[in-house]
Amino acid sequence: VGVFWERTDAELMTRWMQVSTYQPFFRGHAHEGTKGREPWMFGEETLEWLMKAAMARYALTPFWYTVFHEASITCMPVMR
C-alpha cells in the first residue's frame, strides 16, 4: 500500500489504503529515496481514516485465512 514514485498526498494514500483493505495482500511499501509513507505523516484526520481502514482489514483476518487455506487446497485464486 502506498507505493508511488513521486510524493503521495493524504487523499491518495487514504484511497489506496481503503481499497487495499479488501485485497489479499496488505502491507506498506515505499521506494528508496521517496518520502516516508507512515500513517502519522499525513496528519490527524488522515491518520483516523487510515486506522479505520486497517481495523476493517484486521476484522477480516479470519476470512483471509480461510480463503488462503481454501486456495492452497483447491488451487483456486484467492480473488475471484
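The first residue in the sequence is number 1, and the count goes up from there.
Open room surrounds CH2 on Trp49; 12 or fewer heavy atoms of other groups in view lie less than 6.0 Å from it. Remark: Met41 CE is packed, more than 12 non-hydrogen atoms of other residues, nucleotides or ligands lying under 6.0 Å away.
In this structure, the side chains of Leu60 and Tyr22 come closer than 4.5 Å at one or more pairs of heavy atoms. In this structure, Val78 and Trp64 have side chains that are in contact, with non-hydrogen atoms separated by less than 4.5 Å. Contact annotation: the side chain of Glu48 never approaches that of Glu45 to less than 4.5 Å [non-hydrogen atoms, C-beta and beyond].
Aromatic rings of Phe25 and Phe68 (six-membered ring for Trp) have centroids within the 6.0 Å cut-off, being under it.
Heavy-atom minimum distance, Leu47 versus Pro39: CD1-CB, 3.7 Å. Contact between Pro24 and Met79 at its shortest, heavy atoms only, is CD-SD, 3.1 Å. When all heavy atoms of Met17 and Leu50 are compared, the pair lying nearest together is CB-CD2, 3.5 Å.
Here Thr46 contributes atom OG1 and Leu12 contributes atom CG; the two are 11.5 Å apart, rounded to the nearest 0.5 Å. If you take CZ on Phe63 and OH on Tyr65, they are separated by 14.0 Å, rounding to the nearest 0.5 Å. Between the CZ atom of Arg80 and the CD atom of Glu70 there is a distance of 4.5 Å, given to the nearest 0.5 Å.
Judged by distance alone, the side chain of Arg57 and the main-chain N or O of Gln23 form a donor-acceptor pair under 3.5 Å.
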